[in-house]
Asks: 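Let me begin by handing over the structure; questions about it come next.
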Amino acid sequence: MKIVPSQSDLKNWCECFPTSGDLIFLDDATVKKLQVEKLQDSPFTLMTPEEVRVHTEDLWNLNHRSWYGYSLSNASHCAWLTTGQLERLPAKVQPLLAEAQINLKVPTLIKTSLVTDDISEKLLHFDQHLWLSSKAWLSLSETQKQKAVLAWHSQNEIHTYQSFSLDDLPTSVQNIAKRLGIDSVLNSFAKRSGPNCLATTSALLSSHFDKDLANHWMLGTEFIEFLKNNHFSEIQFETPLAGDVLVFSREDKVVHAAYSLGHGYYFEKPGQDFYEPYRIDKLEDWKINHSNTSMCIWRKIFS
């Protein structure tokens, strides 16, 4: 089954939208055009992606990272504009910046065909795209904001996931899911970015899904230590049993984790973004879903 956000999810995600300004992403070609056309004196300061990452509280927090996707990794430079500053830029600058956003696939430039007319009239137009800026966002009604989030979500198909409903699973897997409380979050989304796969998996190591623990962001080193403290050890078996933990690594770093439900199924939250749902998938597909990683099995060892 395809997991789609509910109206409640869209309402929650509206609270995650950056409203204090806009991050603009640039490539080298755009920076050169700004210099050649003597537009470098436009009222914003260029930063490198590394400089943006330093400002994790205001410029590059987890919610901002979700809205802007992989843009920071694709860009050579960035600029932070306060709310309304984008709309006040010189006429030559706006389309130049918009072209760069489109080329870099920045998610906040949405295809016109996905946006209703009542929203479209409040956004800046650039060819076949509309810029969902912080100023435009603040001008939308609550209903319009939810429609805009849905358009943003629909445009980015990487944010769409498949899963299983409980009724599709073997009875023993259903029973395990219900006993642990997985059924209370299965095929749903978090209210904000932050809760990640490692915290989700850790939350299942007690007798019942610990929602408080699951609501955190956890580091790989912290996760491995948590496993060891709960008497889990890496084993050399190829077939995981119900209750085993699947740890995915890349270049000796933990990048993902999931909880085995037995019978070839596992439970996971694919990542830390609010659009990445709690879901169940087949073990046989792990190499497709988590390419370029290696997987090992951790099992609780009772003394």
Asks: Verify the distance criterion only: is there a donor paired with an acceptor across the side chains of T116 and D118 at less than 3.5 Å?
Replies: yes
Asks: Any heavy-atom pair between the side chains of F267 and V185 that's under 4.5 Å?
Replies: yes
Asks: For the pair N187 and S163, evaluate side chain to side chain donor-acceptor pair (under 3.5 Å) and give the outcome as yes or no after the intermediate values.
Replies: CA-CA 7 Å; N187 301 329; S163 183; 2.6 Å; yes
Asks: With distance as the sole criterion, is a donor-acceptor pair present between the side chains of H290 and E268 under 3.5 Å?
Replies: yes
Asks: Taking the side chain as everything from C-beta on, heavy atoms only, tell me whether F164 gets closer than 4.5 Å to M1.
Replies: no
Asks: For Q162 and D281, test the side chains for any donor-to-acceptor distance below 3.5 angstrom and give the result as yes or no.
Replies: no
Asks: Just by distance, no angles: are the side chains of N175 and S172 close enough, under 3.5 Å, to form a donor-acceptor pair?
Replies: no
Asks: Check the orientation of Y266 and F248. Use parallel for under 30°, tilted for 30 to 60°, and perpendicular for over 60°.
Replies: tilted
Asks: Quick one, V255 with T293, criterion side chain to side chain contact (heavy atoms under 4.5 Å, CB included). Give me CA distance, side-chain angles, the key distance, then yes/no.
Replies: CA-CA 8 Å; V255 295; T293 66; 3.9 Å; yes
Asks: Any heavy-atom pair between the side chains of T82 and D22 that's under 4.5 Å?
Replies: no
Asks: Got a second to check how far D285's CG is from Y265's OH, nearest 0.5 Å?
Replies: 10.5 Å
Asks: Any chance you could measure T201, atom OG1, to L227, atom CG, to the nearest 0.5 Å?
Replies: 8.5 Å
Asks: Measuring from atom CG of N196 to atom CZ of F223, what distance do you get when rounded to the nearest 0.5 angstrom?
Replies: 9.5 Å
Asks: Is any side-chain heavy atom of N63 closer than 4.5 Å to a side-chain heavy atom of R192?
Replies: yes
Asks: How long is the gap from CG on L219 to NZ on K253, to the nearest 0.5 Å?
Replies: 11.0 Å
Asks: Considering only heavy atoms from C-beta outward, does the side chain of I182 approach that of Y278 to under 4.5 Å?
Replies: no
Asks: Under a 3.5 Å distance rule, please check whether S249 uses its side chain to pair with a backbone N or O of D252 as donor and acceptor.
Replies: no
Asks: How many angstroms lie between atom CD of Q272 and atom OG of S66, to the nearest 0.5 angstrom?
Replies: 6.5 Å
Asks: Using a distance-only test with no angle check, is there a side-chain donor-acceptor pair under 3.5 angstrom linking N74 and S71?
Replies: no
Asks: Quick one: side chain to side chain donor-acceptor pair (under 3.5 Å) partners of T200, sequence neighbours excluded?
Replies: none
Asks: List in chain and number order the residues that pass side chain to side chain contact (heavy atoms under 4.5 Å, CB included) with R53, two or more places apart in sequence or in another chain; answer none if no residue qualifies.
Replies: P49, E50, W60, L72, S73
Asks: If you round to the nearest 0.5 Å, how far is CG of L23 from OG of S134?
Replies: 10.0 Å
Asks: I'd like to check W131 versus H125 (side-chain heavy atoms, cut-off strictly below 4.5 Å). Are they in contact?
Replies: no
Asks: How about W13 and S193: do any of their side-chain heavy atoms sit closer than 4.5 Å?
Replies: no
